[in-house]
Amino acid sequence: MKQFPIVRSAWCAAVLFTSLSFQGFSQVADSLVVVNPDSAYAALSEAERRFSRNAVAGVQAADGLEATLFASEPNVINPINIDVDHRGRVWACEAYNYRPAVNGKSELGQGDRIVILEDKDGDGKADVTKVFYQGPELNAPLGIWVMGNRAIVSQSPYVWLFTDTNGDDKADTKEILFKGIGGAQNDAGVHAFVFGPDGKFYFNFGNAGRQLVDGQDRPLLDKYERPIDFRQYKQGVVFRCEQDFTKVEIMAENFRNGWEVAVDSYGTMWQSDQEEPGNGGDRVSYVMENGNFGYIDEMTGASWRLNRTNLEDEIPRRHWHQNDPGVVPDLLETGSGFPMGMTIYEGDLLPRRYWDQILLADAGQGYVSAFPVQNDGAGYKSTGILPILEGKRDKWFRPTDVCVAPDGSLIISDWYDPVMGSNKMKDRSRGRIFRVAPTGTPYKIPVYDLSIPEQAVKALQSPNLSQRYLAWNACVKHGWAAEPFLEELFRLYNGNPKLRARALWVLNRIEGFNYRNLDIAFRELNPNLRITALRAVRQRNSDPTEYIKRLTSDRDPQVRRECALAINHNHTYEALDVWLQLAKQYKGNDRWTVEALSIGAYDQWERLFPAWLERQGPKPWLSDAGKDIIWLARTRKAIPYLSELAADTSVSFKSRLRYFRSFDFFHAGYEKTQALLNVLNVPSSDRIEVSKLALLHLDKSFVTNSQQGLTALNKLLDETYGTEHYIDLMTRYELESENDRLLKLALSKSDEVIGRDAGALLLEQAGISYVTQKLAGMNEEKKSALLASIQTVGSSESVYLLRSTLLNTGEPMSVRKNAARYLGGSWPGEEAVVRLLRNDQIDGEVKEAALEGVKNAFREEIKVQLAPYLPKPPVEEVVAAPAEQPKSGKKERRKRRKNQ
């Protein structure tokens with residue numbers, strides 16, 4: 001076989017490599033050349049790696065796929081979000097002006113751009129670039145959705161509608177659709193709109209959004225024509241609205257920063273969500289309608305960082321309150337990254353393993369991947385991660401969005417920057433758009449004549465959302481003329497069920513629809529089509545209860561889940577019967593089902609729970625299903641049964657923690673108080689832990705103002721003295737009568753965590769005058785011990801005490817030195833040491849002790865300020881890496897507080 005000569009030039013190697021596929025070898029004509037892609041890329045200089053001609057060499061496509069560079073700088077820079085229209089053109093929303101306070105102001109001064117990138121010859125590379133719009137009001141927009149000659153652009157505080165009225169690919173009009181949205185220049189503001197199979201628009205904002213009004217500053221009305229009160233919704237929110245941007249619905253709440261909603265052809269919503277950075281808690285969720293997704297505490301609004309009963313073992317799950325009743329479970333946690341754009345792949349060009357899967361672009365982790373999903377009871381589970389495109393060699397690869405083109409290939413935007421996070425960017429001159437398709441696949445865009453009903457129905461089957469939007473509206477406009485073709489598609493029993501679902505959605509919106517296709521759908525073997533039928537009939541603004549009742553006894557738990565969600569806010573007698581039948585079929589141990597039952601019972605527990613009890617027999621808490629429903633029930637009538645479960649010594653203490661947590665979801669009341677007092681008196685081997693939990697969940701004023709409560713509290717304080725249980729109880733109840741015992745504990749255990757907790761609590765509770773008075777009457781040893789117990793507090797009082805002691809020449813030198821050493825035990829204390837050094841207020845042994853206390857300072861800025869005062873280590877000496885400096889002891893202790 002004829003061989004190519006060995007490539008000796010790094011640049012030539014890269015060019016050769018980028019022209020080949022990424023399987024480690026390539027076939028060129030009739031000859032084989034072995035190319036190691038990692039070695040070829042490594043041979044490039046740093047400057048060469050940044051060239052757009054080497055962009056493909058820096059990424060790795062999955063087996064069977066090929067990545068090509070569709071467009072790059074200077075035609076597109078910093079693409080934050082994209083869409084692909086029905087002609088296969090890529091619309092990129094740029095964010096050059098992102099965070100000017102952090103990254104510097106734009107030198108262009110013209111505002112950000114929306115550009116259109118078009119491949120005219122089908123080679124998968126853009127030949128023409130047009131600026132659809134640029135203006136100073138475009139200030140780091142976050143989302144774009146294209147509808148033929150119109151584009152919706154999302155950028156807090158506005159959502160704009162741009163329209164090209166004369167076909168020149170330039171925006172001629174601009175309209176404000178929504179305004180008043182929080183999060184300007186913030187990732188957690190309003191994000192992109194997407195088209196749903198029901199003909200509605202879906203969008204979201206992160207926890208900076210807070211509210212929105214229409215373009216004329218009028219409050220938004222929901223589908224029942226009621227003003228939306230945003231105060232009752234928490235954090236990030238998912239919305240749905242009609243195509244005329246009316247009848248806005250809030251579909252789910254309590255996300256941190258869901259970037260983009262993805263809706264499949266059955267109407268099922270999916271969304272990624274960004275964690276607070278560094279906790280491994282980025283997630284993908286099935287957006288259960290009307291669900292609470294647990295970013296903050298439902299009752300108190302507290303952060304996930306605050307300790308609580310039944311705390312999750314893993315921090316990612318803790319981040320989203322996954323053990324709390326009333327929180328929809330996550331589909332999966334994806335680690336620490338920056339998940340952004342996502343979509344559902346409903347094409348067939350890519351290998352079969354990607355069909356119907358969630359696709360996600362994670363700019364933080366530098367990959368675009370699929371997350372295969374399987375049914376799991378009434379919900380779903382992910383079976384792993386399927387890579388699509390990753391920055392294996394080029395760590396500047398920052399995918400921000402992924403869209404499906406009309407031919408079924410993927411279009412991926414790349415922010416392209418060495419950093420991601422902290423609102424920073426280092427490169428403002430680059431950006432890339434990739435196309436991913438099976439190797440050697442040309443970019444051929446199907447063309448449809450939507451004025452012909454049959455063609456419109458064919459276009460409805462496109463994998464591209466913009467094409468489906470145009471086809472959906474064309475089919476509805478054709479009406480009865482399109483019905484035969486839609487029915488043919490829907491009744492194709494061996495056809496793709498998602499395409500059949502799309503046809504059903506359109507049939508449901510045609511004027512004069514006679515329901516026969518809905519009736520067929522309710523009897524379909526495929527449960528997803530039965531779910532689609534139920535969702536469709538609910539959108540016809542008629543009472544859907546009779547249709548819900550058809551599926552109440554469905555064999556599939558996901559269909560029954562949908563029935564439970566459908567009766568949310570339905571107060572009819574028929575809805576009561578539906579809920580009771582669904583609850584009767586529930587066997588327990590399926591979190592998805594029980595959360596759906598809870599959503600269906602919202603604001604109806606007072607009538608549903610007693611009716612459920614009547615059907616359960618004398619001991620409803622004995623079954624797994626009964627335990628779950630009692631755990632979730634939001635009615636005081638459930639409290640006696642909760643106390644039975646909390647006091648059940650036949651099961652482990654850990655498994656009972658969830659019932660104690662449930663008490664937090666009831667406001668103080670007689671029933672709750674009596675139930676918890678009863679738990680206090682249950683004899684068991686774990687009585688102390690149970691009694692402590694009961695006291696922590698009781699109303700504080702009741703315990704401190706009743707003889708019964710005080711007796712129980714004092715008894716437990718005696719039994720737990722010197723332990724963490726004692727500190728937790730004192731943190732909650734702050735009894736002045738315990739000050740002397742706190743002092744004793746602080747002195748005797750000053751070198752242990754429990755002693756420092758006692759000292760911190762004593763200073764906060766008794767005050768600085770009490771501690772100062774006690775210090776004055778102590779010997780040297782006890783003074784040092786008491787000062788040691790407050791070294792990590794970091795409050796102004798603790799810093800003052802330590803600083804004044806080390807400066808007091810009337811104190812013994814040993815006490816002054818210890819105070820100086822302890823002052824550096826907190827971050828505010830470190831800053832105080834720096835000030836003392838700068839002002840030359842300490843010297844000799846006291847100065848040496850102070851420097852010893854801060855020698856392992858963690859913060860870089862503190863280390864820089866301390867450097868002139870610290871002795872220089874010998875050249876040959878190996879200096880150990882600095883340990884993390886203890887943070888404020890008060891904050892650490894407060895993390896352990898429970899049920900405040």
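We count residues from 1, following the sequence as given.
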Point-to-point distance, once rounded to the nearest 0.5 Å, from [atom1] of [X] to [atom2] of [Y]:
{"X": "Q235", "Y": "N207", "atom1": "CD", "atom2": "CG", "answer": "5.0 Å"}
{"X": "L642", "Y": "R658", "atom1": "CG", "atom2": "CZ", "answer": "9.5 Å"}
{"X": "K672", "Y": "D664", "atom1": "NZ", "atom2": "CG", "answer": "6.0 Å"}
{"X": "L761", "Y": "N739", "atom1": "CG", "atom2": "CG", "answer": "8.5 Å"}
{"X": "K847", "Y": "Y869", "atom1": "NZ", "atom2": "OH", "answer": "7.5 Å"}
{"X": "T731", "Y": "N307", "atom1": "OG1", "atom2": "CG", "answer": "11.0 Å"}

Evaluate whether atom CD of E736 has more than 12 neighbouring non-hydrogen atoms of other residues, nucleotides or ligands under 6.0 angstrom away.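 No - once you tally the heavy atoms of other residues, nucleotides and ligands closer than 6.0 Å, there are 12 at most.
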Would you mind checking if [Y] and [X] are paired as a salt bridge, meaning a charged N to carboxylate O distance below 4.0 Å?
{"X": "R661", "Y": "D297", "answer": "yes"}
{"X": "R816", "Y": "E845", "answer": "no"}
{"X": "K863", "Y": "E860", "answer": "yes"}

Would you check if the side chain of [X] reaches a backbone N or O of [Y] as a donor-acceptor pair within less than 3.5 Å?
{"X": "D362", "Y": "Q365", "result": "yes"}
{"X": "E852", "Y": "R821", "result": "no"}
{"X": "S706", "Y": "G709", "result": "yes"}
{"X": "N818", "Y": "V815", "result": "no"}
{"X": "D282", "Y": "G337", "result": "yes"}
{"X": "S826", "Y": "G829", "result": "yes"}
{"X": "H697", "Y": "F660", "result": "yes"}
{"X": "Q791", "Y": "R756", "result": "no"}
{"X": "D273", "Y": "N257", "result": "yes"}
{"X": "S598", "Y": "G326", "result": "no"}

Taking all atoms of both residues into account, what is the closest heavy-atom pair of [X] and [Y], and its distance?
{"X": "R687", "Y": "V682", "answer": "CG-O, 4.1 Å"}
{"X": "G281", "Y": "W320", "answer": "O-NE1, 2.7 Å"}
{"X": "S784", "Y": "Y822", "answer": "O-CE1, 3.5 Å"}
{"X": "W259", "Y": "P339", "answer": "CB-O, 4.0 Å"}
{"X": "K234", "Y": "E298", "answer": "CE-O, 3.2 Å"}
{"X": "L775", "Y": "L787", "answer": "CD1-CD2, 4.2 Å"}

Could you list the residues that satisfy side chain to side chain donor-acceptor pair (under 3.5 Å) with Y659, not counting sequence neighbours? none
Taking the side chain as C-beta and beyond, is there a heavy-atom pair between [X] and [Y] under 4.5 Å?
{"X": "L837", "Y": "L866", "answer": "yes"}
{"X": "E275", "Y": "S336", "answer": "yes"}
{"X": "L836", "Y": "L806", "answer": "yes"}
{"X": "E780", "Y": "E811", "answer": "no"}
{"X": "M730", "Y": "Q765", "answer": "yes"}
{"X": "V237", "Y": "N204", "answer": "no"}
{"X": "L801", "Y": "E797", "answer": "no"}
{"X": "Y670", "Y": "R636", "answer": "no"}

Just checking F255 against Y295, ring centres under 6.0 Å apart?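 No: the rings miss the under 6.0 Å criterion.
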Sort out for me which residue in R283, Q271, R256, H321 forms a side chain to side chain contact (heavy atoms under 4.5 Å, CB included) with F293. R283
Given R317, R318, R308, the one that forms side chain to side chain contact (heavy atoms under 4.5 Å, CB included) with N323: R317
So E595 and R591, salt bridge (charged side-chain N to carboxylate O under 4.0 Å, His left out) or not? Walk me through it. CA-CA 6 Å; E595 290 298 342; R591 182 70 180 273; 2.8 Å; yes
Evaluate salt bridge (charged side-chain N to carboxylate O under 4.0 Å, His left out) for E689 paired with K654, printing each intermediate quantity in order. CA-CA 10 Å; E689 289 83 357; K654 185 174 182 178; over 6 Å; no
Could you check E848 against K817 for salt bridge (charged side-chain N to carboxylate O under 4.0 Å, His left out), going step by step and ending with a plain yes or no? CA-CA 8 Å; E848 290 178 6; K817 288 166 58 179; over 6 Å; no
side-chain contact (heavy atoms from CB on, under 4.5 Å) evaluation trace for V679 with L693: CA-CA 9 Å; V679 173; L693 277 180; over 6 Å; no
Could you walk me through whether D686 and R656 pass salt bridge (charged side-chain N to carboxylate O under 4.0 Å, His left out), step by step? CA-CA 11 Å; D686 49 26; R656 286 144 56 199; 3.1 Å; yes
Which word best sums up how the rings of Y233 and F230 line up, parallel for under 30°, tilted for 30 to 60°, or perpendicular for over 60°?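 Correct class here is perpendicular.
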Determine, stepwise, if the pair I639 / F663 fulfils side-chain contact (heavy atoms from CB on, under 4.5 Å). CA-CA 8 Å; I639 289 176; F663 282 111; 3.8 Å; yes
Cation-pi, Y721 ring and R741 (6.0 angstrom, 45 degrees): yes
Chi angles and distances behind the side-chain contact (heavy atoms from CB on, under 4.5 Å) call for V854, I862: CA-CA 9 Å; V854 295; I862 294 295; 5.8 Å; no
Pair N678, S643 - check side-chain contact (heavy atoms from CB on, under 4.5 Å), show working. CA-CA 8 Å; N678 290 337; S643 65; 5.5 Å; no
